[in-house]
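Everything below concerns the one structure shown next.
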Amino acid sequence: YMKENGAHILDPHVPLAGDKKAFTKAISECHGLTIEEWLALKRHERDSRIYSHDIKLVDQATHIVALLNGTSFGVGMELQRAFDKPKLGLTTTPVLGLLHDDNSEKISPMITGATHIHKQFVIKHYKTLADAKKIVFEFLTMK
């Protein structure tokens, strides 16, 4: 949805995680490698590349939209990096956390607590995909 409406997606392989083959193809391409070259890397080499790449993407981002519906240490690390950008001399980045109503009781207090400390971070609840699209549109077009 975001890409269809003109947003530049820095990490396009993330939504493909449910399709292992498509995900592997997309992530290998993000790193300038063939699938075979990517799979030939040792696990720690792939992990290091992913970490460095994702940090770079967060540093470049003008806006961040994070799905908060499941447990993800990676999302938590990316959020913290976004919050720390001003300390690193980088531009403050608005951050939207999307949370489905069904997951409201499951979200970590570390995430919800961050909204009180980091004013550029807001969590919005949605019930339907249409709700989520509207929230994202409003977030990306706010002045």
Side-chain angles (χ1 to χ4, degrees), residues 1-35 37-126 129-143:
Y1 169 76
M2 291 168 55
K3 188 174 183 178
E4 289 169 1
N5 286 284
H8 177 68
I9 308 300
L10 297 176
D11 221 355
H13 61 275
V14 172
L16 302 172
D19 180 343
K20 188 173 181 169
K21 186 172 182 161
F23 178 83
T24 303
K25 182 178 187 295
I27 198 165
S28 63
E29 288 173 355
C30 281
H31 293 272
L33 300 172
T34 66
I35 293 173
E37 291 169 329
W38 179 255
L39 294 174
L41 295 172
K42 290 183 169 56
R43 170 75 188 260
H44 75 274
E45 292 171 325
R46 288 193 306 262
D47 293 352
S48 295
R49 283 177 181 237
I50 289 169
Y51 174 82
S52 297
H53 183 256
D54 286 4
I55 292 298
K56 183 175 111 180
L57 296 175
V58 171
D59 288 351
Q60 293 174 348
T62 60
H63 293 72
I64 295 177
V65 177
L67 285 175
L68 305 176
N69 292 322
T71 304
S72 173
F73 296 114
V75 170
M77 291 180 72
E78 290 165 348
L79 291 175
Q80 188 61 55
R81 180 64 176 211
F83 302 151
D84 289 343
K85 285 174 68 172
K87 295 177 192 173
L88 301 168
L90 301 170
T91 305
T92 299
T93 302
V95 179
L96 169 65
L98 280 176
L99 181 64
H100 193 279
D101 281 347
D102 291 347
N103 297 311
S104 293
E105 298 299 319
K106 299 175 189 173
I107 190 168
S108 167
M110 284 290 290
I111 300 296
T112 56
T115 62
H116 303 289
I117 307 298
H118 303 285
K119 299 305 177 195
Q120 78 271 31
F121 180 40
V122 62
I123 296 174
K124 297 286 185 174
H125 297 253
Y126 69 96
L129 181 58
D131 295 339
K133 287 179 177 181
K134 182 177 186 251
I135 293 166
V136 168
F137 178 82
E138 290 171 356
F139 173 73
L140 293 176
T141 58
M142 71 178 178
K143 300 284 182 211

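One is the number of the first residue; the rest follow in order along the sequence.
- Annotation: side chain of L96 is in contact with side chain of K124 (closest heavy-atom distance under 4.5 Å).
- A donor-acceptor pair under 3.5 Å is absent between the side-chain atoms of S52 and the main chain of R49, judged by distance alone.
- Side chain of H31 to backbone of L33: no donor-acceptor contact under 3.5 angstrom is found.
- Legend: residues meeting side-chain contact (heavy atoms from CB on, under 4.5 Å) with E138, ordered by chain and number and at least two apart, are K134.
- Note that the CG atom of L68 and the NE2 atom of H125 stand 9.0 Å from one another [nearest 0.5 Å].
- Remark: side-chain polar atoms of K85 are paired, donor with acceptor, to backbone N or O of D59 under 3.5 angstrom.
- Residues F121 and G97 share a closest heavy-atom pair of CE1-N, 3.9 Å.
- Taking CZ of R46 as the reference point, atom CD1 of I50 lies at 7.5 Å (rounded to 0.5 Å).
- Residue I64 comes nearest to A61 through the heavy atom pair CG1-CB, 3.8 Å, listed as atom of the first residue, atom of the second, then distance.
- What you find for T93 and Q120 is that their closest heavy atoms are O-CG, 3.0 Å.
- Here the closest non-hydrogen pair linking V75 and A66 is CG1-CB, 4.0 Å.
- Counting heavy atoms of neighbouring residues, nucleotides and ligands inside a 6.0 Å radius, atom CZ of F73 does not exceed 12 of them.
- Rounded to the nearest 0.5 Å, atoms CD (E29) and CD1 (I35) are 7.5 Å apart.
- By the 4.5 Å heavy-atom criterion applied to side chains, R81 and L88 are counted as neighbours.
- Across F83 and V95, no two heavy atoms sit closer than the pair CE2-CG2, 4.3 Å.
- Separation of atoms OH (Y126) and CG (L98) is listed at 6.5 Å; rounding is to 0.5 Å.
- Once rounded to the nearest 0.5 Å, the distance linking CG of D47 with CD of E45 reads 10.0 Å.
- Atom CG in L99 sits 6.5 Å away from atom CD1 in I123 (nearest 0.5 Å).
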